[in-house]
Amino acid sequence: MNRMAVVWIAAALIALPIGAQVRYEDILEAPNENWLTFMGDYSANRHSPLKQINVSNADNLVPKWVYHVPEAASLSTYPIVYDGIMYITNSNEVHALDAVTGRTIWVYSRPDVELRRKNRGAAILGNRVYFVTADCHLVAVHRLTGAAIFDEPYADTKDGYFCTMAPVAIKDRLIVGVSGGDSGIRGFLAALSAETGEQLWKLWTIPGNDDFGADTWGPKTLPWGGAATWMPGSYDPELDWLFWPTGNPWPGFYGGDRPGDNLYSDSLIAVDLATGEMQWYFQFTPHDVWDWDAQEPPLLLDLEIDGQMRNVVVQANRNGFYYVLDRETGKFLRGNAFVDKLTWASGLDENGRPVLIEGMVPSPDGRVVCPTVWGAANWMADSYSPDTGFHYVMTMEACDLFTSSAREPEPKIGFAGTGAERQPRLDGQFIIRAIDPATGRRAWEYPLTGPTASWAGTLSTAGGVLFSGDDDKHLIALDARTGKYLWHFNVGQTIDASPITWARNGKQYVTIVARADVFTFGLFEPL
Amino acid sequence: MRLISVLLLAATASFAQDADPDNAGGATVSERYIGNAEAVSAGQEQYELVCSSCHGVTGEGGRGPSLQTGLNARASGDELFHTIKNGIPGSGMPPSPLEEETVWQITAFVWSLSAPAIRQNVDGNVEAGEALFYGSGGCTDCHMIRGNGGYIGPDLSNLGVTRSVAQIRVSLLDPNERFTEGFDPVILTLKDGTAIRGVAKNHSNYAIQVLGRDGRLYLLNRADVTLEFRESSWMPANYSERLSEAEIQNLLAFLSRQSVRPVETAEGGNLQ
């Protein structure tokens, strides 16, 4: 930018819109009437304090509007709501809607970006809305007008990356990650300037040749062994640390070319927000050969464990075990299986490392292993209610036939080392479970019908209502304390996102995104 | 959304000339001609002989519609070829007796008339245009580029990839020719008599979303307001008098280079 432009811009700033700005402090207080991050808050608890919709009136919920996203067939966006405006994303585009009426305010679209992928949502900070394009640019647009502010690349598709995640806005920066972990990429997490999009730091999730952990790979796959960062993590403002999950090692189903634990795949990493330095790591599935990314939400909780209050991070992992870790040290505190169909490990040792069962490694002729490649849990949202003390997890009870082959790995080439498939006789089921994180006890469960083909998750509210998409095209409401059915609505299409709740003019609403449309519900109001 | 359709068409058209990487060596007929400088040049000669009497020497329109900004301005290469080859029955547009290759050359030239501005050669001084845009032109009172400027007019950050030079010229000199979707000028009056001037982002019989000149977004029930849609834009219509032709050209040169993404320009350079 030349000097003259800087002068002109300084003069022009006076004309910026005067609408309210989203501050970091506002995000710390959310969710309330606003829903300001992918998870609703930094702790990934997804618990709303709203209670106008409650256990006694949830059966009076009615649809208020439906918004169709043109050409959409696989929406996976978790909306952001701020000051009565809802922001949803599809591949390479973001839509701003009047949240009460569902009417379009603006659309920012880049149809010229040839690469298209799912997109999981936007971030908001200041007067800007941020999202990532499929080809890994961070885009900033004005929240009231959709006016373009910057469009900066942070990863190169030539290196095998694509991007789907919702960026996370914290203080002066956006935290972004990458997809492509089934193609021989080198995963990383990065902080980009909210002002300009420039990179502030970058943390590789696979060590370089001389770094700690390099000896946990073989030469064929270092440093191209995946460990993608395709889902948002959580953030502890007091420690000023991020807690970020990483994806599977690559090739996914054949481990012969990557002897060792394969750090930092299938891990939770604690990262200093200011510097990008890793504080600790915990690996859930060392030397994974079942494609069990650790991308399930890491919830930050303060729990009483064995009579002592602990700051912990918990995760219901794709591998079927539930983990409670100390937030400051990463130390394993306790864990247990949260599904019944689990055949690859007999339990966890005192450090949280799985105790493997012989004969469960994928082979050319196939091995039946539980859970499935989709896992006992996955990227769909969990929630935690401080009122009930329960962690609500969309769990899957199912098994797959896992096969492998020893094809030579080539970095940046899509290749998983064969794969896994559901056999007709291995039919599975989604079950919503309320888990007590302190003990691992299942308080209640709500089995779902359906083809095990959705990615719907849960939302907890102070009204005592647990909302969730189900596996059979419904938004459902359950009593969060008992799991008792309260209400459902058939949206007529598969749900690959998780509900949110928000309020405007004293009225509470619930929004769910299905594959092609956005649905918003509120209480029935007689004329 | 009309605007979105237009943008989509624009993008389809602007990238049709890029060969499909999965089909290298097997480019379609359209891809061989559209965007090919030789074909455009040969097509221009034929155009001036055959087409210019109705559509004007530069495609500005006359007896026939403008090829720079008219209905066909965003057609694909194949669609344009079909129209030129077969004519439009029931209109003054006859079918062409020329050989197929010649028709494709004309197609390439006509397509180039409405190519995205960033792919066109534009006379004028970009820096002088920038100074005018941010300075005495007053453009940033209403328009933004990369987050800097006003908001009551359309964002111009991607203008070079979404509009042709001819379209930009029309928007600059005749802002009432059409309103960009989401920018219909409106005055709404609240029940207490307060009048709000702004642009309607959207409106139905039940709800209206208006961005006010005061910088506020008004999300209101239709029943709570009285609406007056203006026939003239909030944008001054006198730039053809306020600016010299050289200044207009400088401004067009600057605006036609706007894209928040790096894009290859007509000169072969890479912006940003």
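Worth saying up front: this structure is predicted, and the values here are computed from it rather than measured. Chain identifiers are assigned alphabetically (A, B, ...) following the order of the sequence lines, protein sequences preceding nucleic acid strands; residue numbering begins at 1 within each chain. Keep in mind that the numbers below use all heavy atoms, side chains included, and drop hydrogens, waters and symmetry copies.
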**Pairing residues for A:Arg23 by the salt bridge (Lys or Arg N to Asp or Glu O under 4.0 Å) criterion, not counting sequence neighbours** = A:Asp26

**Request:** Quick one: list whatever passes salt bridge (Lys or Arg N to Asp or Glu O under 4.0 Å) with A:Glu195, sequence neighbours left out.
**Result:**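 For A:Glu195, the residues satisfying salt bridge (Lys or Arg N to Asp or Glu O under 4.0 Å) (neighbours in sequence not counted) are A:Arg128.
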
**Item:** Intermediate values then yes/no, side chain to side chain donor-acceptor pair (under 3.5 Å), A:Ser193 and A:Gln199
**Value:** CA-CA 6 Å; A:Ser193 161; A:Gln199 184 180 299; over 6 Å; no

**Request:** Can you measure from CD (B:Gln258) to CG (B:Leu159) and round to the nearest 0.5 angstrom?
**Result:** 8.0 Å

**Prompt:** Roughly how far, to the nearest 0.5 Å, is OG1 of A:Thr145 from OH of A:Tyr108?
**Reply:** 11.0 Å

**Item:** Selection from A:Ala147, A:Ala99, A:Gly146, A:Ala148 maximising heavy-atom pairs under 4.5 Å formed with chain B
**Value:**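 Highest number of pairs under 4.5 Å: A:Ala148.
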
**B:His203, part contacting chain A, at a heavy-atom distance under 4.5 Å** =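 For B:His203, backbone heavy atoms alone lie under 4.5 Å from chain A.
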
**Prompt:** Testing B:Val260, B:Leu156, B:Thr140 for side chain to side chain contact (heavy atoms under 4.5 Å, CB included) with B:Ile145, which one passes?
**Reply:**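 Running side chain to side chain contact (heavy atoms under 4.5 Å, CB included) over B:Val260, B:Leu156, B:Thr140 with B:Ile145 returns exactly one hit, B:Leu156.
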
**Prompt:** Which one of B:Ser204, B:Ala207, B:Gly212 has the most heavy-atom pairs closer than 4.5 Å to chain A?
**Reply:** B:Ser204

**Request:** Examine whether an atom of A:Asp135 lies under 4.5 Å from a heavy atom of chain B, and if so say whether it belongs to the side chain, the backbone or both; otherwise answer neither.
**Result:**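 For A:Asp135, the side chain is the part near chain B, not the backbone.
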
**Heavy-atom contact with chain B under 4.5 Å, split by part of A:Thr196** =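 A:Thr196 has no heavy atom closer than 4.5 Å to chain B.
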
**Contacts of type side chain to side chain donor-acceptor pair (under 3.5 Å), residue B:Tyr218, not counting sequence neighbours** = B:Asp214

**Message:** Ring of B:Phe183, cation from B:Lys201 - is the NZ or CZ under 6.0 Å from the centre and inside 45° of the axis?
**Reply:**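 That pair qualifies as a cation-pi contact.
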
**Item:** Neighbourhood of chain B inside residues 89-97 of chain A, taking heavy atoms under 4.5 Å as contact
**Value:** none

